[in-house]
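Values below: every heavy atom of this structure, side chains too, minus hydrogens, waters and symmetry copies.
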Amino acid sequence: MSSNPVAETVASLMPKAMVELTELVAFRSVADFDQFPRSESEGAARWVADALAAEGFQDVALLDTPDGTQSVYGYLPGPAGAKTVLLYAHYDVQPPLDEAAWTTPPFELTERDGRWYGRGSADCKGGVIMHLLALRALKANGGVPVHVKVIVEGSEEQGTGGLERYAEEHPGLLEADTIVIGDAGNFRVGLPTVTSTLRGMTLVRVSVDTLAGNLHSGQFGGAAPDALAALIRVLDSLRAEDGSTTVEGLAADRAWEGLQYDEEQFRQDAKVLDGVELIGSGTVADRIWARPAVTVLGIDCPPVVGATPSVQASARALISLRVPPGVDAAAATKLLQAHLEAHTPWGARVSTEQIGQGQAFRADTTSPAYQAMAAAMAVAYPGQEMQYAGQGGSIPLCNTLAALYPRAEILLIGLSEPEAQIHAVNESVSPEELERLSVAEALFLRTYAAS
């Protein structure tokens, strides 16, 4: 990769990194304890805590956060008078979906076609390993030149806000001059990228009830109000004919200024089937980074196998709404709930419940930390200039930290480039990206310390 001693050290550590990521991926650490054992998440938390302790971190602790999960904290002191940098990642993962659809088992890290496959390999257990590699490379080449705090969250994927509330209750714990969020990704493999904006999000559960109980569809169908049909009408009201999100009162016409996303490339990255149109209007970047987007995450209704000829008395769905920077997520939640209630047909009884929420984020890309990261990435990615991109996903902690520490600079990097297919079947990480970004982070800490 380079004759740079830091790069050489990281390269020599990659076999160990694969072993460690294999161990960490093996934990089925989905923070939904109705589906996955709590012991799996606790095991992953202990693994991270042990790894930090082995690197000489002080005050290593498993933090019991208000949502019932654990985050891992550690502090590595640097030279007297040095700046403090907070490194963030999360060890919890999305459910594997259909395990039988994976080419190799989701919780067994497997090398195939130059990538490492496994749930959490990129999002975001690989981020934990990235931080460890960067720190080890610095320790082997003159030492870590800053004070380092590490926080590894246990429920980021659930959006339940445990770490945000814990940070608010302990405002001095995560205070730092700069915060590196290792949960984003390059725009494309080999193209160094920092994420400058994140959409916020809200999760709302909507329930529709029409009857005291299910009825025979032959005897009552045609007059008895069908709750599932009513729910379908409600959900359909959330989109215009072209698929654009249409929540009443929520603006959906903003434009993205910056790095653009080629439509054909997006079709390839998203694996859109031949002949199927993209939804929405404007550029792809407008649609995924600058505008709201609603997604129906799940519907409770009878499965096709075993279904009976019945008019359904009740139905419910879980809805995600992503909102761009400049839109308050709490206000968007109220608009979404009002929309759902207003568009429920036939006088059906409807109720909505907010499940999770996170605010959008916009970084100050003119800060010294960004200049230091650009210089570091230029070394880690020879011949490439650092790019700025948005991300449609949400990291609610970013806004909490920005509010708690308004003078702190926040950078978002990570391993979740398009080929990683995070949250989907066959998630993977590029070991070359893990290596380059670890080098970039190490050089950033060194450059930033001297700035």
Side-chain angles (χ1 to χ4, degrees), residues 17 20-31 36 38-76 84-94 109 118-136 144 147-167 170 173-176 178-185 358 395-398 400-401 410-416 422 429 434 437-438 441 445:
E20 290 182 319
L21 188 55
T22 299
E23 294 173 355
L24 196 49
V25 164
F27 292 103
R28 303 169 70 90
S29 51
V30 179
F36 291 83
R38 181 183 296 271
S39 59
E40 292 291 307
S41 288
E42 291 176 344
R46 285 193 299 272
W47 189 98
V48 174
D50 289 344
L52 294 181
E55 295 303 320
F57 275 75
Q58 301 174 3
D59 306 323
V60 176
L62 299 175
L63 310 178
D64 293 319
T65 58
D67 63 355
T69 63
Q70 293 180 320
S71 291
V72 186
Y73 171 82
Y75 173 68
L76 185 68
T84 299
V85 177
L86 174 68
L87 305 179
Y88 167 90
H90 63 86
Y91 68 79
D92 70 303
V93 298
Q94 284 284 339
L109 192 72
R119 176 57 92 220
S121 56
D123 183 27
C124 178
K125 291 176 177 179
V128 176
I129 303 302
M130 178 183 73
H131 293 326
L132 291 174
L133 283 171
L135 295 174
R136 288 167 180 163
V144 180
H147 304 296
V148 176
K149 295 179 179 180
V150 167
I151 186 71
V152 182
E153 189 173 3
S155 57
E156 190 275 340
E157 299 291 6
Q158 296 299 311
T160 46
L163 182 55
E164 293 101 276
R165 282 177 281 162
Y166 190 95
H170 303 81
L173 184 69
L174 303 182
E175 187 172 9
T178 283
I179 299 166
V180 179
I181 304 289
D183 190 25
I395 305 175
L397 182 65
C398 283
T400 299
L401 296 177
I410 301 178
L411 300 94
L412 294 98
I413 62 172
L415 301 162
S416 298
I422 65 170
V429 68
L434 174 58
L437 284 168
S438 299
E441 182 168 276
L445 292 174

Could you list the donor-acceptor pairs under 3.5 angstrom formed between side-chain atoms of residues 63-76 and any protein atom two or more places apart in sequence or on another chain?
residue : atom : partner : partner atom : Å
Asp64   : OD1  : Gln70   : NE2          : 3.3
Thr65   : OG1  : Asp67   : OD1          : 2.8
Thr65   : OG1  : Thr69   : O            : 2.8
Thr65   : OG1  : Thr69   : OG1          : 3.1
Asp67   : OD1  : Thr69   : N            : 3.2
Asp67   : OD1  : Thr69   : OG1          : 2.8
Asp67   : OD2  : Ser155  : OG           : 2.7
Asp67   : OD2  : Thr160  : OG1          : 2.7
Asp67   : OD2  : Gly162  : N            : 3.3
Thr69   : OG1  : Ser155  : OG           : 3.3
Tyr75   : OH   : His147  : ND1          : 3.3

- Message: Is the shortest side-chain heavy-atom distance between Glu40 and Val30 below 4.5 Å?
- Response: no
- Query: What distance separates Leu412 CG from Cys398 SG, expressed to the nearest 0.5 Å?
  - Reply: 4.5 Å
- CG-CD1 distance between Leu86 and Ile179, expressed to the nearest 0.5 angstrom: 5.5 Å
- Smallest heavy-atom separation, Val93 atom then Asp123 atom, equals CG1-O, 4.1 Å
- Query: Which distance, rounded to the nearest 0.5 Å, do you find between the CG of Asp183 and the CG of Leu397?
  - Reply: 10.0 Å
Residues 50-58 side chain polar contacts: donor-acceptor under 3.5 Å, at least two apart:
residue : atom : partner : partner atom : Å
Glu55   : OE1  : Lys139  : NZ           : 3.0
Glu55   : OE2  : Arg136  : NE           : 2.9
Glu55   : OE2  : Arg136  : NH2          : 3.3

- Item | Least distance between heavy atoms, Gln158 atom then Ala31 atom | CG-O, 3.3 Å
- Query: Of all heavy-atom pairs between Leu437 and Gly414, which one has the smallest distance, and what is that distance?
  - Reply: CD1-O, 2.9 Å
- Query: With side chains defined as the heavy atoms from C-beta onward, is the minimum distance between Glu441 and Leu87 less than 4.5 Å?
  - Reply: yes
- Query: Between Glu20 and Ile129, which heavy-atom pair has the shortest distance, and what is it?
  - Reply: CB-CD1, 3.8 Å
- Message: Checking Thr84 against Glu175 for the side-chain contact (heavy atoms from CB on, under 4.5 Å) test, could you report, in this order, the C-alpha distance in whole Å, the side-chain angles of both residues, the deciding distance, and whether it holds?
- Response: CA-CA 8 Å; Thr84 299; Glu175 187 172 9; over 6 Å; no
- Kindly indicate whether the side chain of Met130, heavy atoms from C-beta on, has any atom under 4.5 Å from the side chain of Leu434. yes
- Value rounded to 0.5 Å, distance of OG in Ser121 from CD1 in Ile422: 10.0 Å
- Item | For the student: nearest non-hydrogen atoms of Ala49 and Leu62, plus distance | CB-CD2, 4.0 Å
- Message: Nearest 0.5 angstrom please: Tyr88 OH to Cys124 SG, how far?
- Response: 6.5 Å
- Leu173 vs Tyr166 side-chain heavy atoms within contact, under 4.5 Å: yes
- Report yes if the side chains of Leu21 and Lys125 come closer than 4.5 Å at any heavy-atom pair, otherwise no. yes
- Item | Pairwise distance CH2(Trp47) to OH(Tyr91) - rounded to 0.5 angstrom | 13.5 Å
